[in-house]
2 protein chains.
Amino acid sequence: MTNNMMTIGTLAKIADMHVETIRYYQRRGLVAVPAKPYGGIRRYDETALARLHFIRSAQWLGFSLDEISELLELEDGTHCDEARALAEQKLKDVRQKIASLKQMEFTLDNLVKRCRCSEDPQQCPIIHSLHGKLGLPARRVEHGVQEESQ
Amino acid sequence: MTNNMMTIGTLAKIADMHVETIRYYQRRGLVAVPAKPYGGIRRYDETALARLHFIRSAQWLGFSLDEISELLELEDGTHCDEARALAEQKLKDVRQKIASLKQMEFTLDNLVKRCRCSEDPQQCPIIHSLHGKLGLPARRVEHGVQEESQ
DNA sequence: GTTGAGTCTGTAGTCAGGTACGGAAGTAAG
DNA sequence: CTTACTTCCGTACCTGACTACAGACTCAAC
């Protein structure tokens with residue numbers, strides 16, 4: 001079944017992905033489009049499957065598809081230092097995220113505990129707290145929002 | 001400056017948000033649209049500002065705008081148990097995320113360390129590992145992707 | 001030889017959380 | 001009174017990672 005020369009549908013099944021996802025990766029240049037025999041159907045081999053595994057592993061580590069493109073350019077293994085730089089940056093990002101999620105956890109946990117103990121249903125500590133500052137950081141910087149505001 | 005009866009621009013400045021963002025919240029029903037004096041300009045007061053603070057605090061705790069809508073319906077403080085349920089669910093989510101980020105951290109940290117020590121630049125352990133399984137879980141479930149695959 | 005499933009191609013839609021823009025009308029300063 | 005900035009309103013666009021669908025074609029089974 002995992003023989004070389006399978007159709008995209010078989011490839012998708014083995015890789016546990018939708019066909020459309022593979023095509024999408026092809027459009028983004030992450031996966032090669034094999035030559036099509038005249039009036040026929042494209043066939044995929046093990047290297048295509050390996051590519052999909054690579055992509056999924058990297059995604060699981062938090063790399064975006066753009067970053068995975070970069071990684072794939074280093075795939076021959078001769079650019080170890082660049083690959084390491086990418087991984088280090090990602091490690092930094094991951095630690096950052098963990099830190100802020102822990103802050104959230106702490107705050108939420110406090111709220112829930114205080115709420116559980118509150119006897120006065122008229123003043124819910126959760127709702128109440130949301131009106132305060134909660135010690136939240138400067139500004140959310142996500143979705144590429146720039147910091148400058150004229 | 002933080003007087004009542006400010007324009008949307010002033011409100012935006014104080015809340016450190018873009019005007020467009022406030023309008024967007026209005027379209028989503030998160031922020032009230034004050035009545036417009038005939039042929040005039042709408043004015044906002046402290047309660048609008050409080051609303052924006054509420055939204056931002058809740059966002060910081062990881063609530064989506066939809067969830068914030070729900071929270072806002074409980075704003076009178078008489079639905080403490082519902083608010084607590086939402087907060088508890090969110091706490092669970094946050095802990096889940098922390099757990100999987102820690103997995104990522106562990107894996108990335110290992111990769112980076114092994115890479116640092118590798119003397120053979122022909123075989124970068126990072127690139128190499130991405131071809132293996134990395135012990136990644138079943139399937140990414142994000143963006144509302146369903147688990148079923150025909 | 002027909003049926004039904006799979007493939008190919010291109011384009012469009014989804015979700016979240018905004019951001020941008022165009023044109024008309026109002027407003028503040030000089 | 002003019003100039004320059006805001007506001008208002010609607011609509012369109014953005015990112016990221018897909019997902020869906022239409023219409024033509026190909027392929028394998030019966």
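All of these numbers come straight from a predicted model, not from anything done at the bench. Reminder, nothing fancy here: chain letters follow the sequence lines and each chain counts from 1.
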> Is A/Arg95 paired with B/Asp109 through a side-chain N to carboxylate O contact shorter than 4.0 Å?
Replying inline: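 Looking at B/Asp109 and A/Arg95, the cut-off is met.
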> Can we say A/Lys90 and A/Asp93 salt-bridge, meaning some charged N sits less than 4.0 Å from an Asp/Glu carboxylate O?
Replying inline: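 Judged by the 4.0 Å cut-off on N to carboxylate O distance, A/Lys90 and A/Asp93 do form a salt bridge.
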Whole angstrom is fine here: how far is it from [atom1] in [X] over to [atom2] in [N]?
| X | N | atom1 | atom2 | answer |
| --- | --- | --- | --- | --- |
| A/Arg56 | D/dA17 | CZ | P | 15 Å |
| A/Tyr25 | D/dG16 | OH | C1' | 11 Å |
| A/Ile22 | C/dT9 | CD1 | C1' | 16 Å |
| A/Met6 | D/dC27 | CE | P | 19 Å |
| B/Tyr24 | C/dT19 | OH | P | 10 Å |
| A/Tyr44 | C/dT7 | OH | P | 9 Å |
| B/Gln26 | D/dC8 | CD | C1' | 10 Å |
| B/Lys13 | D/dC5 | NZ | C1' | 11 Å |

> Considering all heavy atoms of both residues, which atom of A/Arg43 and which atom of A/Pro34 are nearest to each other, and what is their separation?
Replying inline: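 Distance-wise, the nearest heavy atoms are O-CG, 3.2 Å.
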Is there a side-chain contact between [X] and [Y], using heavy atoms and a 4.5 Å cut-off?
| X | Y | value |
| --- | --- | --- |
| A/Val19 | A/Tyr24 | no |
| A/Arg56 | A/Leu52 | no |
| B/Gln103 | A/Trp60 | yes |

According to a strict under-4.0 Å criterion, is [X] in side-chain N/O contact with OP1 or OP2 of [N]?
| X | N | answer |
| --- | --- | --- |
| A/Arg23 | C/dG6 | no |
| A/Gln59 | D/dC18 | yes |
| B/Ser64 | C/dA16 | no |
| B/Thr21 | C/dT19 | yes |

> Going by number, which of residues 28-36 of chain A have a non-hydrogen atom under 4.0 Å from DNA chain C?
Replying inline: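 Contacting residues: A/Lys36.
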> Under 3.5 Å, is there a donor-acceptor pair between the B/Thr47 and B/Asp45 side chains?
Replying inline: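 The answer is yes; a qualifying pair exists.
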> How does each nucleotide of nucleotides 20-27 of chain C score, in 5' to 3' order, for protein heavy atoms under 4.0 Å: base (B), sugar-phosphate only (S), or none (-)?
Replying inline: BB----SS
>> When you group the ILVMFWY residues by side-chain heavy-atom contacts below 4.5 Å and let the links chain together, are A/Val31 and A/Ile41 in the same group?
In response: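 Different clusters: A/Ile41 never reaches A/Val31 through Ile, Leu, Val, Met, Phe, Trp or Tyr contacts under 4.5 Å.
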